[in-house]
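Beneath this line is the structure, given in structure tokens, with notes to follow.
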Amino acid sequence: MKPQTPSPWTYIPTLYFAEGVPNVLISSVSVIFYKKLGIDNDQITAWTSFLYLPWVLKMFWGPIVDIYATKRTWILVTQFAMFCCLTLVALSLQLPNFFFISLAALTVGAFISATYDIATDGYYMLALSPEQQAFFVGIRSLFYRIAVLFGSGLLVVLAGRLETTLNNIPLSWAIAIGFSAFIFAILFIFHRFVLPLPASDIPRQSQAQTEKIPFLDIIQTYFRQEKIIAILAFILLYRFGEAMLVKIASLFLLDKLEKGGLSISTEQVGLIYGTFGVLSLIIGGILGGMLISRYGLKKCLFPMALALNLPNIFYVYLAYAKPSLTLVYPLVSLEQFGYGLGFTAFSVYLMYICQGEYKTSHYAISTGLMALGLMLPGAISGTIQQAVGYPLFFILVCLLTIPGMITIFFIPLQEPVKPPTN
């Protein structure tokens, strides 16, 4: 009797939860724990921004994942490797030279995470029927967002409470990161026994198949699109101001009053940014999808760009006025809500420009360029902030949103498109 194939409900939620956790730990939570461990803002923003590089470059080794070994094998190997990386990060935080060791481990973890993304998305298309893929697209998105809540909310709150209880910041963060490593060990064991073996999930190792990968055609067709200069400017500049803001915002909340910050505790930052902020971002994203579905991207793109960028003025107010904590919660939540709206429109446009035979590869190029557009401004944000202070930095962020909004008037956008169901 043929064994029954497990329901996608048993593994799709956990696969995409495991995809989201490393991303948020590497790109966002690392900023917080490095700040709490005494690293300067310019070093934090520069080095953690360069951790985006694997997501910029992942399109180049995607075919390797497709050719060598099965997607299931790649998933299991990368999950175990992520457990090892996070364990090393946790242990390193107790050492005098923790910054170099933990940063090296996070760099390796970023490459592992980017590879896991490729394998998981490929496995999703092989293990599920087209009907199941359509149904579970919202489920995978939901559990990815739950992972963001877990990382930037629960883990940060846990570390904050441990800081108060143990009065030992390195140990507190070692325990919090170690907890996430333990979860990856559980996920690895769980998926080892639960993930089905799709008949189509087979490696393709022949030299002939390797040579058939049309790298040059893919790249040429992408860069021969109509108004490609405007498209590239839009992708790189649309989030320029937000890319600078996102690296500094949590540092601003944590920094002492005498340094221009708000001197908010780690636990409160986890609640403000990682819990209420993420929930607001999710609501904004859902509403953005509904609005684009109803009115079309052409009508929604510029208003949603305004929703993304105008709330940055809240940080100018916070930097000058230093209001009470009760006002910080709603202002950050509104900023994140606007970010959810604006990022949804941006994501839909990236799908809009992916046409023709190589849609998947073109989307990978677009998301790689998007990651580059986050990495470069994020890398210089700390140096600028330390040079001009928080108030002027946030004013500069507001001004740097203008070029990205101007590019909207030059990009090709002839008809509305509907986003996938979320």
Side-chain angles (χ1 to χ4, degrees), residues 16-37 39 41-58 78 82 85-86 89-90 99 102-118 120 141 144-156 159 173 176-177 180-181 184 238-254 266 269-270 272-275 277-278 281-282 285 332 335-336 339-340 343 346-347 367-382:
Y16 281 89
F17 178 83
E19 184 178 283
V21 170
N23 192 299
V24 70
L25 287 178
I26 292 167
S27 63
S28 300
V29 179
S30 62
V31 174
I32 298 174
F33 69 69
Y34 281 140
K35 180 66 176 178
K36 295 300 294 184
L37 292 167
I39 305 300
N41 286 6
D42 56 345
Q43 289 195 65
I44 293 173
T45 55
W47 289 109
T48 60
S49 292
F50 282 114
L51 292 176
Y52 285 118
L53 189 60
W55 285 282
V56 177
L57 301 175
K58 72 177 184 179
T78 50
M82 186 57 65
C85 278
L86 292 177
V89 172
F99 186 57
S102 62
L103 193 64
L106 289 174
T107 302
V108 175
F111 280 98
I112 292 168
S113 179
T115 306
Y116 178 84
D117 293 356
I118 298 166
T120 301
S141 177
Y144 185 94
R145 288 166 178 164
I146 289 174
V148 176
L149 272 172
F150 168 81
S152 59
L154 189 147
L155 279 184
V156 176
W173 279 101
I177 302 300
S180 65
F184 262 90
Y238 180 80
R239 300 175 69 191
F240 197 95
E242 181 249 327
M244 297 186 72
L245 177 71
V246 72
K247 283 295 178 184
I248 296 296
S250 56
L251 301 177
F252 167 65
L253 298 181
L254 289 164
T266 305
V269 169
I272 292 168
Y273 226 93
T275 304
V278 172
L281 186 151
I282 291 171
V332 172
E335 182 264 325
Q336 287 291 288
Y339 168 52
F343 181 67
F346 182 63
S347 299
T367 54
L369 291 169
M370 176 188 72
L372 181 65
L374 290 174
M375 184 180 76
L376 297 178
I380 61 173
S381 60

Just wondering, do Leu155 and Val29 contact through their side chains at under 4.5 Å, heavy atoms?
no
Are Ile112 and Pro22 side-chain neighbours, meaning at least one heavy-atom pair lies under 4.5 Å?
no
List for me each residue that meets side-chain contact (heavy atoms from CB on, under 4.5 Å) alongside Leu106, sequence neighbours excluded, and say none if there are none.
Ile26, Ser30, Phe33, Tyr34, Leu51, Val89
With Tyr273, which residues qualify under side-chain hydrogen bond (donor to acceptor under 3.5 Å, both in side chains), at least two apart?
none
Grab the two heavy atoms, one from Lys247 and one from Thr48, that are nearest each other, plus how far apart they are.
NZ-OG1, 3.0 Å
Of all the heavy-atom pairs spanning Ser250 and Val31, show the shortest one and how long it is.
OG-CG1, 3.7 Å
To the nearest 0.5 Å, how far apart are CG in Leu281 and CG in Leu149?
9.5 Å
Cys85 and Ala105: which non-hydrogen atoms are nearest, and at how many Å?
SG-O, 3.8 Å
Ile282 CD1 to Ile146 CD1 distance, which is reported to the nearest 0.5 Å:
7.5 Å
Could you tell me whether the side chain of Ser28 and the main chain of Leu25 form a donor-acceptor pair under 3.5 Å?
no
Thr266: which residues meet the side-chain hydrogen bond (donor to acceptor under 3.5 Å, both in side chains) condition with it, sequence neighbours left out?
Lys36, Glu163
So, for Thr275 and Gly153, which heavy atoms are closest and what is the spacing to 0.1 Å?
OG1-CA, 3.7 Å
Output yes when a side-chain donor or acceptor of Thr45 lies under 3.5 Å from a complementary backbone atom of Ile380, and no otherwise.
no
Can you tell me how far apart OG (Ser381) and CG (Leu376) are? Round to the nearest 0.5 Å.
11.5 Å
With side chains defined as the heavy atoms from C-beta onward, is the minimum distance between Asp117 and Trp55 less than 4.5 Å?
yes
Looking at Asn23, is its backbone amide N or carbonyl O close enough to the side chain of Ser27 to form a donor-acceptor pair, meaning the two atoms are under 3.5 Å apart?
yes
Is a donor on one side and an acceptor on the other found under 3.5 Å between the side chain of Ser113 and the backbone of Ala110?
no
Would you name the heavy atoms of Gly277 and Gln336 that are closest together and state the gap between them?
O-CB, 3.2 Å
Residues that Phe346 engages under ring pair (Phe, Tyr, Trp, His ring centres under 6.0 Å), provided they are two or more places apart:
Phe234, Tyr238
Rounded at 0.5 Å granularity, tell me how far CH2 in Trp173 sits from CG in Leu37.
8.5 Å
So, using side-chain contact (heavy atoms from CB on, under 4.5 Å) as the criterion, who are the partners of Thr115 when residues are at least two apart?
Trp61, Val65, Trp74, Thr78
Return the set of residues passing side-chain contact (heavy atoms from CB on, under 4.5 Å) with Val148 (not counting sequence neighbours), or none when no residue passes.
Val24, Tyr144, Ser152, Val278
Distance-minimising heavy-atom pair for Ala243 and Leu374
CB-CD2, 3.6 Å
Quick one: ring pair (Phe, Tyr, Trp, His ring centres under 6.0 Å) partners of Phe17, sequence neighbours excluded?
Phe150
Would you check if Phe343 and Glu242 make a side-chain contact, meaning some heavy-atom pair closer than 4.5 Å?
no
Tell me every residue that passes side-chain hydrogen bond (donor to acceptor under 3.5 Å, both in side chains) with Lys35, counting only those two or more places apart in sequence or in another chain.
Asn41, Asp255
Sorted by chain and residue number, the side-chain hydrogen bond (donor to acceptor under 3.5 Å, both in side chains) partners of Tyr339 (sequence neighbours excluded) come out as Arg239
Just grab all the salt bridge (Lys or Arg N to Asp or Glu O under 4.0 Å) pairs involving residues 18-34, residues at least two apart or on different chains.
none
Residues two or more places apart in sequence or in another chain: which of them pass side-chain contact (heavy atoms from CB on, under 4.5 Å) with Ala18?
Gln79, Tyr116, Phe184, Leu187
